[in-house]
Amino acid sequence: MSTYTYLSNDNDNGARRMRLFGRERPIYEILGGGKAANILLWRDKAVSGAVFMGVMALWFLFEVAEYNLVTFLCHLTITVMLVIFIWSNGAKAFKWTPPEIPKFLLEESMLCKDICEKLNVFLSWLINIACGNDIKLFCLVILVVSMLSTIGKYITASNLLFIGIVCMGTLPYLYERHEEKTDAIS
């Protein structure tokens, strides 16, 4: 049995065209027909190239340079916080325009409602600290994230995935078993 299907096209005057796996719709429609399809089919070459280069850079960092995910996220956080801090304080000192940081909110459909709310509060808190309102707290956060980065050197992505799966498999059971004691503590 062949995986190809012959389709006739009205424009070809009865000529038949062969399509892989017997599909009847164009590949653009199968991919969703939106921005993702445009990127995957290289219809927007600049965005597709940027995505491709980004994926290649991440692959190089994690596989070739053996950079760890936790360390990468910590270094990224430190860098973004330092840029916002310098920009905010430079704007005050040199009368530049201060950074306009968009309000980043995770949609509740992405994760459960409680996690989204807590993550949004945490991100707002980090941005507020990065703007340089409290220099002692800023230095403390940079120090803590640097320590997490050092610890993260020993945690690979597969170890992080394993720890997450073990926690998902054990924490609900342990909570249900010791629910009264846990609720009394919190």
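All residue numbers in this chain count up from 1 along the given sequence.
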Student: Looking at side-chain heavy atoms only, is the closest gap between Leu82 and Phe138 below 4.5 Å?
Tutor: yes

Student: Other residues, nucleotides and ligands only: do more than 12 of their heavy atoms fall within 6.0 Å of CZ on Phe52?
Tutor: no

Student: Test your reading of the model: is there a side-chain donor-acceptor pair from Asn38 to the backbone of Asp44, 3.5 Å cut-off?
Tutor: no

Student: Do Met53 and Val47 sit in the same hydrophobic cluster, where Ile, Leu, Val, Met, Phe, Trp and Tyr count as joined when their side-chain heavy atoms come under 4.5 Å apart?
Tutor: no

Student: Phe60 and Tyr67: aromatic ring centres closer than 6.0 Å?
Tutor: no

Student: Of all the heavy-atom pairs spanning Cys167 and Pro172, show the shortest one and how long it is.
Tutor: O-CD, 3.6 Å

Student: Using a 6.0 Å cut-off, check whether atom OH of Tyr175 has over 12 heavy atoms from anything other than its own residue.
Tutor: yes

Student: Please confirm whether the backbone N or O of Gly152 pairs with a side-chain atom of Thr71, one donor and one acceptor, at under 3.5 Å?
Tutor: yes

Student: Atom CG of Leu69 and atom CG of Leu58: how far apart are they, to the nearest 0.5 Å?
Tutor: 9.5 Å

Student: Could you state the interatomic distance from CD1 (Ile84) to SG (Cys131), rounded to the nearest 0.5 Å?
Tutor: 6.5 Å

Student: Looking only at atom types and distance, does a side-chain atom of Trp87 sit under 3.5 Å from a main-chain N or O of Thr97, one as donor and one as acceptor?
Tutor: yes

Student: Check this for me: Glu179, atom CD, are more than 12 non-hydrogen atoms of other residues, nucleotides or ligands nearer than 6.0 Å?
Tutor: yes

Student: Treating Ile, Leu, Val, Met, Phe, Trp and Tyr as nodes and any side-chain heavy-atom pair under 4.5 angstrom as an edge, say whether Ile163 and Leu161 lie in one connected cluster.
Tutor: no

Student: Mind checking the NZ-CG spacing from Lys35 to Leu40? Nearest 0.5 Å is all I need.
Tutor: 14.0 Å

Student: Please tell me whether Phe62 and Ile151 are part of a single hydrophobic cluster in this structure, the criterion being side-chain heavy atoms less than 4.5 Å apart.
Tutor: yes

Student: What is the distance from atom NZ of Lys153 to atom SG of Cys74, rounded to the nearest 0.5 Å?
Tutor: 11.0 Å

Student: Counting distance only, does the side-chain N/O of Asn159 pair as donor-acceptor with the main-chain N or O of Ile155 below 3.5 Å?
Tutor: no

Student: If hydrophobic clusters are built from ILVMFWY residues whose side chains come within less than 4.5 Å, do Val51 and Ile27 share one?
Tutor: no

Student: Answer yes or no: is there a side-chain heavy-atom contact under 4.5 Å between Phe85 and Ile129?
Tutor: no

Student: Do Ile142 and Ser146 come close enough that some side-chain heavy atom pair is under 4.5 Å?
Tutor: yes

Student: Using side chain to side chain contact (heavy atoms under 4.5 Å, CB included), reason through Tyr154 and Asn68 one step at a time and then give a plain yes or no.
Tutor: CA-CA 8 Å; Tyr154 304 107; Asn68 293 324; 5.9 Å; no

Student: Just wondering, more than 12 heavy atoms not from Lys136 lying within 6.0 Å of its NZ?
Tutor: no

Student: So, taking the atom named CD in Glu180 and the one named CD1 in Ile185, what distance separates them when rounded to the nearest 0.5 Å?
Tutor: 12.0 Å

Student: Evaluate side chain to side chain contact (heavy atoms under 4.5 Å, CB included) for Ser149 paired with Val70, printing each intermediate quantity in order.
Tutor: CA-CA 7 Å; Ser149 169; Val70 175; over 6 Å; no

Student: Compare every heavy atom of Glu29 with every heavy atom of Arg25, then report the nearest pair and how far apart it is.
Tutor: CD-OE1, 3.7 Å

Student: Say whether, by atom type as modelled, one donor and one acceptor occur between the side chain of Tyr28 and the main chain of Gly33 under 3.5 angstrom.
Tutor: yes

Student: Taking atom CG of Leu143 and atom SG of Cys139, what is their separation to the nearest 0.5 Å?
Tutor: 9.0 Å

Student: Is any side-chain heavy atom of Pro98 closer than 4.5 Å to a side-chain heavy atom of Ser88?
Tutor: no

Student: Please say yes or no: joined through hydrophobic side-chain contacts below 4.5 Å, possibly via intermediate residues, are Ile39 and Leu31 part of one cluster?
Tutor: no

